[in-house]
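It should be emphasised that the depicted structure is a prediction, and the values quoted were computed from it without experimental measurement. When a residue number appears, it is its place in the shown sequence, counting from 1. Both ligands and their constituent atoms are indexed starting at 1 by order of listing.
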Amino acid sequence: MTTPDGPPVPGSGDAALRAAAERANSTRERNVPQWPDLPIPNDTANLREGANLHDALLPLLPLIGVWRGEGEVVYPTIEAQHFSQQVVFAHDGRPFVYYESRAWLVDADGKVIRPAAREVGWWRPQPDDKIELLLAHPTGIIEIFYGENRTQTSWELATDVVMRTESAKEVNGAKRLYGLVNNGDLAYVEERAMMGQPLQPHTSAYLRRVAG
Ligand code: HEM
């Protein structure tokens, strides 16, 4: 077992493996919804089921799954709020990952206030170790990110291109850092340059595996 950025932590291996085994007990049977009558491979977010993972996706292997958890949204132009989020990383055997995220605002007791941001896209690892990420947002914004593994369990990406429709708000760029922490949970932070402001944190969340 290693920390996201460093060398193995002495003595942490057994506890980490036990935690991973316990977690797997509740998530190993779960997957994204499947269509038994689909004549091509279903998407799978569970490495134990469905199409074999394409070798090109090894750099993203730890992300495959469904994740759920809580986060915080901040920005100088808005009021800080809490949100919950579900994120899916799935594949159909080909060398790209299907990605989707849905978030909803929650109050201090975790009660749902209303649906918030969604995004869908494709992660495309390349032979030169770059990762291309395409994201589409329902707010009229389309983004191309480039990034790479920082370690085997952390990924850093930044926008190369942001395109927006006439009606979209002013979004100019973003940077994301994802990392596995605490024996397999998924944490990320996203910084955004938008609404005339320089790049700075907009969202961060701590997600646990719920499938895969
Ligand atoms: C987990 C993901 C996200 C959550 C929970 C979230 C939440 C929020 C919330 C609560 C606001 C305040 C306005 C409102 O209540 O709707 C807001 C504003 C905004 N967000 Fe996000 N957001 C997320 C991701 C994003 C992404 C990916 C983008 C860009 C593609 C984005 C761009 C903006 C912009 C442009 C504003 C408007 C700020 C302003 O009017 O001053 N957000 N966000």
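Here is the list of ligand 1 atoms found below 4.0 Å of a heavy atom in K169: 35 (C), 37 (C), 39 (C), 40 (O). Each of the following atoms of ligand 1 lies closer than 4.0 Å to a heavy atom of V171: 35 (C). Using a 4.0 Å cut-off to heavy atoms of M194, the atoms of ligand 1 that qualify are 20 (N), 32 (C), 33 (C), 34 (C), 35 (C). Listed by number with element, the atoms of ligand 1 under 4.0 Å from a non-hydrogen atom of M195 are 38 (C), 39 (C), 40 (O), 41 (O). Using a 4.0 Å cut-off to heavy atoms of H137, the atoms of ligand 1 that qualify are 27 (C), 30 (C). Near A117, with a cut-off below 4.0 Å to any heavy atom, the atoms of ligand 1 are 2 (C), 3 (C), 4 (C), 23 (C), 24 (C).
For the residue pair E156/Y178, the side-chain donor-acceptor check at 3.5 Å is not satisfied. Under the 3.5 Å distance criterion, with hydrogens and angles disregarded, a donor-acceptor pair is assigned to the side chains of R68 and Q86. Using modelled atom types and a 3.5 Å distance limit, the side chains of N182 and R208 yield no donor-acceptor pair. A donor atom on one side chain and an acceptor atom on the other are not found under 3.5 Å apart for Q85 and Y206.
The aromatic rings of F96 and W122 sit perpendicular to each other, their planes meeting at more than 60°, with 30° as the lower class boundary.
Taking 4.0 Å as the cut-off, R164 does not count as a neighbour of ligand 1 on heavy-atom distance.
The option from V74, I141, I78 that lies nearest to atom 13 (C) of ligand 1, judged by heavy atoms, is I78. Ranked by closest heavy atom to atom 21 (Fe) of ligand 1, the top entry among E119, H202, E143, Q85 is H202. When the heavy atoms of R114, Q81, R118 are ranked by distance to atom 15 (O) of ligand 1, first place goes to R114. By heavy-atom distance, the residue among R192, E72, R102, E190 lying nearest atom 28 (C) of ligand 1 is R192.
Across A90 and D43, no two heavy atoms sit closer than the pair CB-CB, 4.1 Å. For the pair T44 and E49, the tightest heavy-atom approach, listed with the atom from each and the gap, is OG1-O, 3.0 Å. Between L57 and V97, the shortest heavy-atom contact is CD1-CG2, 3.8 Å.
Judged purely by atom type and a 3.5 angstrom limit, W155 uses its side chain to pair as donor or acceptor with the backbone of P59.
Counting protein heavy atoms only, atom 41 (O) of ligand 1 is closest to T77 OG1, 2.6 Å. The protein atom (non-hydrogen) at minimum distance from atom 7 (C) of ligand 1 is V73 CG2, 3.6 Å.
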